[in-house]
Amino acid sequence: MIKKISAPLSLKGEITLPGDKSISHRAAILNSIAMGSASVTKKATITNFSPGADCLSTVTCLRAMGVKADFLATRPHGSGDATTLEIWGRGEEGLSEPEDVLDAGNSGTTMRLLTGLLASQPFLSIITGDDSLRSRPMSRIVQPLRLMGASIWGRKGDSLAPLVIKGGNLHGITYLLPVASAQLKSALLLAGLFATGETIIEEPIISRDHTEGMLKAMGAKINTRGCHITLAPLTHPLNAVDLRIPGDISSAACWLVAGALHPDACIRIKDVGVNPTRSGIIDILLEMGANLSIENQREEGGEPIADLVIESSKLSGMEISGDMIPRAIDELPLLAVAAAVAQGTTIIRGAGELRAKETDRITTTMAELSRLGANIEELPDGMIITGGAPLEGRDCLSHNDHRLAMALGVAGLIARGETTIHESEAVDISYPSFWQDMELLTSRRGSEDTRGKRSPDRDYLHH
Ligand code: S3P
């Protein structure tokens, strides 16, 4: 599909977002192996489950292993309806051998987390994905799962999917992760639940910790101290939990960047998950000078949540590196848009992992934003972006990468002239209502809504 975008006069409104993709995957997977009290099958209800294709891939794979999972409402999120998933856990030994190859689609989280789970199961399984996923590195999970005792094979020296897994009889290991990857960490934790002995994981930098939090909430014996995690094997099944998934901060990031860059913007984004292992985008935008405020902070299901309000801002460049990278890894293409418009230079370093995402996001972000007039130099592990160049609407391509499609959409909202985005349907992977939400925020009705709902304590931002 092709999407054409021109800069709107204003960018205003209040939106709620589809559920967080990372938390939704985990809610489905962990509830699929959970039980009610006294080991009785219990339904878990997960509201605001991510409607994106990635989480649907996870649910489809779980169903292929005998898990009953039903969607109650799948109406478009832009109309205010959310997706609810009901899932009946099968306990520790309840999964069954899939009759066919499991298809993780475009989803790295599905493939890596499920491979960890499959490594613990005493049956044969094969898991594959689309062209992009079949080119992403898998040795990072194959090697430690083998050390735990699983038999796993893959293409090209066991480094690429499809992966063939014959699991069972695992033992815990002590493992220093070679990369700060929550997918790798979570794969090992899932395997560790069914191993004999403790699984001890050391991360080089803290990555998103949703798996640890949810495991704790479901009764697993897991301890975290900074980058050090200790997990004891299950002695009784996980407890099924009902959950409401917070709005996805990676989707909120689109409107935070768009709102900061547009000269007449005020956007309120409600119920966003602001887990500190994910909220790098907020800290970075604040340091760049964004008129961003965090309101109504609270906790739901062990995850911190807040409303975020962004208004037109004057941004300055900065260095983004070190501990900040895993906290903002999926938002770096959007931050490249912000940096291209900001005053001064932005340097992104230590982000080599961007090359192992749905596309090589250093190369694709640079290629596509450069077409729009951004001044970007590629580094092996990042980018140097010289800000201040006005963006010009041109033809550009998402490379079928959802994060890039949305970053280009945001660039189109502030570029001069018309921006044409090819393969714009890529947004369906994590945020299917992205283009509808854009329409809502660029329409006059959206502007009027916001004015009515603006809280009085935000007037200080109008200077
Ligand atoms: C995710 C972890 C990150 C992130 C991905 C989702 C997760 O990947 O980029 O979009 O849900 O665990 P890595 O763990 O490979 O860094």
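Indexing begins at 1, ligand by ligand and atom by atom, following the structure's order. This is a predicted model, so every value here is computed, not measured.
Proximity to Ile329 (heavy-atom distance under 4.0 Å) selects the following atoms of ligand 1: 9 (O). Annotation for ligand 1: atoms under 4.0 Å from non-hydrogen atoms of Ala182 are 12 (O), 14 (O). Listed by atom number, the atoms of ligand 1 under 4.0 Å from Ser22 heavy atoms are 1 (C), 6 (C), 7 (C), 11 (O). Shown in contact with Asp330 at under 4.0 Å from a heavy atom are these atoms of ligand 1, numbered in order with element: 4 (C), 5 (C), 9 (O), 10 (O).
Asp271 has a carboxylate O that lies under 4.0 Å from a charged side-chain N of Arg298, or vice versa, which qualifies the two as a salt bridge. Using a 4.0 Å cut-off between a side-chain N of Lys or Arg and a carboxylate O of Asp or Glu, Arg208 and Asp330 qualify as a salt bridge. Salt-bridge check for Glu358 with Arg403: failed, with every basic side-chain N at 4.0 Å or more from each acidic carboxylate O.
Of the polar atoms of Arg26, at least one N or O is found under 3.5 Å from an N or O of ligand 1, judged by distance alone. Polar contact check, Glu353 against ligand 1: no nitrogen or oxygen pair lies under 3.5 Å apart.
Lys357 counts as a contact of ligand 1, since one of its heavy atoms falls under 4.0 Å from the ligand. Under the 4.0 angstrom criterion for non-hydrogen atoms, His210 is not in contact with ligand 1.
In this structure, atom 15 (O) of ligand 1 lies nearest to the protein heavy atom Ser181 OG, 3.3 Å. From the protein, the heavy atom lying nearest to atom 1 (C) of ligand 1 is Gln183 NE2, 3.6 Å.
Smallest separation of non-hydrogen atoms from Ala426 and Asn400: CB-C, 3.8 Å.
With a 4.0 Å heavy-atom cut-off, ligand 1 is reached by no atom of His25.
Remark: the Ser50 side chain and the Ser24 side chain contain no N/O donor-acceptor pair separated by less than 3.5 Å.
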Inset, instruction - Run the numbers on Asp360 and Arg355 for salt bridge (charged side-chain N to carboxylate O under 4.0 Å, His left out), then give the verdict. - result: CA-CA 4 Å; Asp360 173 343; Arg355 297 199 183 274; 2.9 Å; yes

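In this structure, the side chains of Gln183 and Leu113 come closer than 4.5 Å at one or more pairs of heavy atoms.
By the 30° and 60° cut-offs, the orientation of the rings of Tyr431 relative to Trp255 is perpendicular.
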